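See structure below.
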Amino acid sequence: MGAAVRGSNAIYLLDACQSVGQLPLDVDRIGCDLLSATGRKYLRGPRGRVSLYVRRSLLDRLEPPFMDAYSAQWTDMHTFQWRPDARRFEGFESSVANKLGLGAAVDHALGWGLDAIAARNAVLADRLREGLDQVPGVRVRDQGEQRSAIVTFTAEVPSLETLKRALLDRRMNVSLVSLELARLDLEPRGITGLVRASVHYYNTEEEVDRFVGAIAELVR
Ligand SMILES: *Cc1c(COP(=O)(O)O)cnc(C)c1O
């Protein structure tokens, strides 16, 4: 995408909510102008806090949707000036505790190193995919060359909701992707619903195996 828009007038906003905290990301290599990332997913920060990267050269082309005395300066009766930096996208009021929490989560991830996190996650996710592929009635549906720590699969069961609840009884959390959430991806592939299991570096191989065992038991 970055190569396709480079040199054009297009603005490239990458929503990296699922990637930040699990993969090394480099806005220059990606070639994006903006990158948004929630703190509550792979970074495991507090809910309700998001970060936004804005390429400096783009700042003057962007008008934030909201304005207050923090994001802009009231210069005389009828004029104002945006802040010169990307904080023009922030508001005056925010949760300081959440901000500190997100900072701690970022430090924690950087402390382990994103390369190390991605490498560990790949081991766990590969193991999970290999395990699930052995289960009759289950099919891993992830595509792409570099697959993430989010593992999605279909299961031949009467109800994915029931499967999810049965896993919850075993203290295993999965989420479901219904058709309404991803029509562009799922409809052409003839998929009506996916189960999504995410691993992170703190998971153990034993936990992954236990999960595969539970799926094998529940999908018959
Ligand atoms: C989760 C997610 C969001 C929203 O994140 P919030 O923490 O709810 O603000 C946006 N885009 C993508 C791709 C996501 O996965």
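Here the structure is a predicted model, which means the values were calculated and not measured. Heavy atoms only: backbone and side chains are in, while hydrogens, waters and symmetry mates are out. Residue indices begin at 1 and follow the sequence shown. Indexing begins at 1, ligand by ligand and atom by atom, following the structure's order.
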Side-chain donor-acceptor contact under 3.5 Å, R141 with T154
yes

Side-chain donor-acceptor pairs of residues 169-176 under 3.5 Å, sequence neighbours excluded:
unit_1	atom_1	unit_2	atom_2	d
R170	NH1	A166	O	3.2
R170	NH2	E217	OE2	2.8

Do L58 and L34 come close enough that some side-chain heavy atom pair is under 4.5 Å?
yes

Nearest non-hydrogen partners of F211 and L128, listed with the distance
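Heavy atoms of F211 and L128 come nearest at CD2-CD1, 3.6 Å.
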
Does V50 have a non-hydrogen atom less than 4.0 Å from ligand 1?
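Outside the 4.0 Å threshold, so no.
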
Taking everything shown except R189 itself, do over 12 heavy atoms lie less than 6.0 Å from its CZ?
yes

Could you check atom 9 (O) of ligand 1 against the protein and tell me its nearest heavy-atom contact, residue, atom and distance included?
T38 OG1, 4.2 Å

Checking a contact table here: which protein heavy atom is nearest atom 8 (O) of ligand 1, and how many Å away?
R40 NH2, 2.8 Å

Per-atom contacts, ligand 1 versus [X] - under 4.0 Å to a heavy atom:
X   : result
D15 : 10 (C), 11 (N), 12 (C), 13 (C)
K41 : 1 (C), 2 (C), 3 (C), 14 (C), 15 (O)
Q18 : 14 (C), 15 (O)

R47, portion touching ligand 1 at heavy-atom distance under 4.0 Å:
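No part of R47 comes within reach of ligand 1.
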
N/O donor to acceptor pairs below 3.5 angstrom from side-chain atoms of residues 20-33, sequence neighbours left out:
unit_1	atom_1	unit_2	atom_2	d
Q22	OE1	A149	N	3.0
Q22	NE2	Q18	O	2.9
D26	OD1	D28	N	2.9
D26	OD1	R29	N	3.3
D28	OD1	R55	NH1	3.0
D28	OD1	R55	NH2	3.3
D33	OD2	Y12	N	2.8

